[in-house]
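Heads up, the thing below is written out as C-alpha cells.
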Amino acid sequence: MSTTNFSANAAHFDYIIVGAGSAGCVLANRLTASGRHRVLLLEAGGRDSNIWIHIPLGYGKLFDNPKVNWLYKTEPEPELNNRRVIQPRGKVLGGSSSINGLLYIRGQHEDYDHWRQLGNAGWAFKDVLPYFMTAETQQRGADELHGVGGPLAVSDVSEPHPLCEAFIEAAVQAGYPRNDDFNGPKQEGAGYFQLTTKNGRRWSTAVGYLRPARKRPNLTVISDALATRVLFSGRRAVGVEYRQGNTTHTAYADGEVILSGGAFNSPQLLQLSGVGPAQLLRDHGIEVIADMPGVGHDLQDHLQIRMQYRCTEPITMNDVINDWRHRYAEGLRYLVSRKGLLTIGAGYAAAFIRTRPELATPDVQVHFLIFSADAAGATLHPFSGFMASVCQLRPESRGFVHIKSADPAVPPAIQPRYFTAQLDRDTIVAGLKALRGIMNQKVMRQYIAEELQPGEACVSDEDFLAFSRATATTVYHPTSTCRMGSDPNAVVDERLRVHGFERLRVVDASIMPTVASGNTNAAAVMIGEKGSDMILQDAAASAPMAMSA
Ligand SMILES: Cc1cc2nc3c(=O)[nH]c(=O)nc-3n(C[C@H](O)[C@H](O)[C@H](O)COP(=O)(O)OP(=O)(O)OC[C@H]3O[C@@H](n4cnc5c(N)ncnc54)[C@H](O)[C@@H]3O)c2cc1C
C-alpha cells in the first residue's frame with residue numbers, strides 16, 4: 001500500500017472535484033450552495049471564452065481546436081476496416097457541455113428502470129426524474145415530467161424548417177407516430193429536437209451552474225490544471241496531485257475526492273493512481289493499490305452512419321453558408337432576433353423508431369440535419385444538401401480505456417470495439433433500411449435530387465453493412481467505464497462510491513450501467529445532481545465529520 005507524506009502547507013478543502021464538465025459543474029454549484037463546504041474544482045482546460053462555444057452553430061468550429069477539445073481518437077477498430085474514429089471531448093470549463101451538439105434528450109424511462117433492475121437501488125426512472133426536473137428550466141413550462149427554475153435551460157428550436165416538416169411528415173407516412181416531446185411519456189416517433197439553449201445561446205453547465213456559483217467564497221476553481229494522481233492513505237482518498245504548466249501541486253480533501261473527468265479520463269486517472277487492472281498497471285510501473293479489472297472496461301458508445309442527399313431546392317444550410325450575402329444576413333438576423341441558422345445544434349429533427357415490431361421501445365435514433373458535409377466539422381458541400389444519420393441506442397459491443405503510459409499527459413488507448421456484437425450490425429442495417437423507407441415517402445422525395453451516400457446501388461444487407469463499416473463514426477456518447485453495480489467488474493456502488501475505498505466517488509457519464517437511449521448530456525447532468533445530493537446526505541449523516549464552518 002502506498003502512503004503519502006502529507007505536506008502541512010498544501011491547500012485543504014472539504015471536497016475536491018476533478019473535471020469541470022457536465023457533471024463537475026453541477027457538483028461545484030450544489031456542494032457550495034450552503035456555504036458550509038470548501039470546494040476545489042480542478043479543470044484541465046481553460047476558460048470558456050471562445051465565442052464559438054456560445055453560438056450554437058459554432059459547435060462545428062470546436063471539433064479540431066486543441067484549446068477546448070482533447071481531440072482523442074480510438075485505436076484502429078477491427079470491425080470498421082481498422083479505421084480510427086475521432087473522439088472529441090471538451091477540455092474547457094463546461095467540459096463536453098461546452099462543445100456538444102446541444103440536443104436535449106434524457107433517454108427512455110425504461111433505461112433507468114433497467115439500471116434499477118440490475119441492482120442499483122435509487123436509479124429507477126421514478127427516482128431519477130426529480131433530478132432531471134430540478135436541473136431543468138423548460139421553455140414550455142412545468143408539468144409532471146418537466147421542471148422550471150433549474151440551472152439548465154431547455155428550449156425549442158427557434159423556427160420550423162421546410163425540410164424538417166417534410167421529414168416528420170414522411171416519418172408519419174411511413175407509419176411512425178408524430179412526437180412533440182421526446183422527453184415526455186414516450187420517446188417513440190418523429191419531431192423537432194429541443195436544445196440546451198436560452199435566447200439562442202448555448203447553456204452549458206459552465207454557464208448554467210458554474211457561473212452563478214463562482215462568486216461564492218467557498219468555491220475555488222483552478223483551470224489549466226491537470227489532475228495527475230489521486231492520493232491515498234491506505235484505502236482512503238485524501239487528496240489530488242495536479243499539474244499546472246511545469247509545476248506540480250497538491251491539494252487535500254478532508255471530505256471526499258470526486259472524479260468527474262468523463263468516460264475516458266476518470267478511468268485513466270484511477271489507473272494512473274494505482275486503481276485498475278493489476279497487470280495493466282504493473283506493465284506501466286504503477287504500484288497497484290487495488291486490482292480492479294472493471295476500471296476502464298465496459299466502454300459503450302453510440303455509433304452513427306450518415307445518409308447524404310443532394311437537395312432539389314436551395315433551402316439548406318449549405319446554400320446559406322456558401323453565399324456571403326446569405327451568411328451576413330443570417331448573422332444579422334441572429335444578432336437582432338436570436339433566431340435562424342446560428343441557433344441550431346447537431347440535429348434539427350429526429351425520429352426514434354423500433355426496427356422490429358416486437359421491441360417494447362425504440363432501438364434506433366435518427367438525427368436529421370439540414371446541411372451536408374463529408375465529416376463532422378468539415379466544410380459544407382458546395383451544393384444544396386442535407387443528411388440523416390442512424391444510431392443504435394442500446395449497443396451490445398463493449399470496449400475499454402487503458403493507459404498507454406504512466407505519464408498522465410499521454411492519452412489512453414480508447415477501443416470501443418464497435419460492431420463486435422451481431423445485434424449491433426443487424427440493428428444498424430435495419431435502421432438504415434427504415435430510414436430509406438422514410439426518405440422514399442412522396443413528401444420527402446420532392447426534395448431529393450439524388451441519394452449521394454450510400455447511393456441507390458446500395459440495396460442488400462451486405463451493401464448496407466459494408467457502407468457502415470466504411471463510414472461509421474461516433475455520436476460522442478462514451479459511457480460506462482467506471483460502471484455502477486455490485487458485480488465483480490463494477491467500479492462504483494449505487495451511491496457512486498468506488499468499491500473498496502473510502503471518500504472516493506466517480507460522478508460523471510462513466511458510471512452509467514448501460515448507455516442511455518439518446519444523447520447523454522442530460523443524463524450526465526442528472527448524475528451530477530443526484531451525486532451531489534448523495535454526497536451532501538452522507539456528509540450530514542456522518543456528522544461530526546469535521547466540515548468547515
Ligand atoms: C462533439 C460532441 C457532441 C455531443 N453532442 C451531444 C448532444 O447534442 N447532446 C447530448 O446530450 N450529448 C452530447 N454529447 C455528449 C455529452 O456532452 C457528454 O455525454 C457529457 O458532456 C459527458 O459529461 P461528463 O461530465 O461525463 O464529462 P465531460 O463533460 O466531458 O467533462 C469532463 C471534464 O473533466 C476534465 N478533465 C478530464 N480529465 C481531467 C484531469 N485529469 N484533470 C482535470 N480535469 C480533467 C475535462 O477537461 C472536462 O472538462 C456530445 C459530446 C461531444 C464531445
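Below, each value reflects all heavy atoms present in this structure, side chains not excepted, and no hydrogens, waters or symmetry copies. First listed ligand is number 1; within each ligand, the first listed atom is number 1.
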Problem set entry | Option of least heavy-atom distance to atom 7 (C) of ligand 1 (set: Thr474, Asn69, Leu103) | Leu103

Exercise. Please state which protein non-hydrogen atom is closest to atom 49 (O) of ligand 1 and give its distance, to 0.1 Å?
Worked result: Glu43 OE1, 2.6 Å

Exercise. Any N or O on Leu226 sitting closer than 3.5 Å to an N or O of ligand 1?
Worked result: no

Seminar exercise, completed: Among Gly261, Ala524, Ser98, Gly528, closest by heavy atom to atom 22 (C) of ligand 1 is Ala524

For this session: Only heavy atoms count here, so choose which of Gly24, Ser510, Ser96 is nearest to atom 28 (P) of ligand 1.
Result: Ser96

Exercise. Nearest protein heavy-atom contact for atom 18 (C) of ligand 1: which residue, which atom, what distance?
Worked result: Thr520 OG1, 3.8 Å

Exercise. Relative to each other, are the rings of Phe501 and Phe232 parallel, tilted or perpendicular (30° and 60° limits)?
Worked result: tilted

Exercise. Is a side-chain donor or acceptor of Ser97 paired with a backbone partner of Gly94 at a separation under 3.5 angstrom?
Worked result: yes

Exercise. Nearest protein heavy-atom contact for atom 27 (O) of ligand 1: which residue, which atom, what distance?
Worked result: Gly262 CA, 3.6 Å

For this session: Taking the six-membered ring for Trp and the single ring otherwise, decide whether the centroids of Phe63 and Tyr476 are under 6.0 Å apart.
Result: yes

Problem set entry | Heavy-atom proximity to atom 46 (C) of ligand 1, best of Gly21, Gly19, Gly90 | Gly90

For this session: Just go through Ile105, Leu195, Ile17, Asn100 and tell me whose heavy atom is the nearest to atom 17 (O) of ligand 1.
Result: Asn100

For this session: Could you list the atoms of ligand 1 found under 4.0 angstrom from a heavy atom of Ser97?
Result: 21 (O)

Seminar exercise, completed: closest protein heavy atom to atom 12 (N) of ligand 1 is Asn521 N, 3.3 Å

For this session: Could you list the atoms of ligand 1 found under 4.0 angstrom from a heavy atom of Ala509?
Result: 26 (O)

For this session: Run the ring-centre check on Phe132 versus Tyr112 and record whether the distance is less than 6.0 Å.
Result: yes

Exercise. Is a salt bridge present between Arg417 and Glu77, judged by a nitrogen-to-oxygen distance below 4.0 Å?
Worked result: no

Seminar exercise, completed: Closest to atom 45 (C) of ligand 1 among protein heavy atoms sits Ala44 CB, 3.8 Å

Problem set entry | ligand 1 atoms in contact with Asp508 (distance to a heavy atom under 4.0 Å) | 25 (O), 26 (O)

For this session: Name the closest protein heavy atom to atom 21 (O) of ligand 1, giving the residue it belongs to and the distance to 0.1 Å.
Result: Ser22 OG, 2.6 Å

For this session: Could you tell me whether the side chain of Leu226 reaches within less than 4.5 Å of the side chain of Tyr242, counting heavy atoms only?
Result: no

Problem set entry | atom 5 (N) of ligand 1: the protein heavy-atom neighbour that sits closest, reported with distance to 0.1 Å | Gly101 N, 2.9 Å

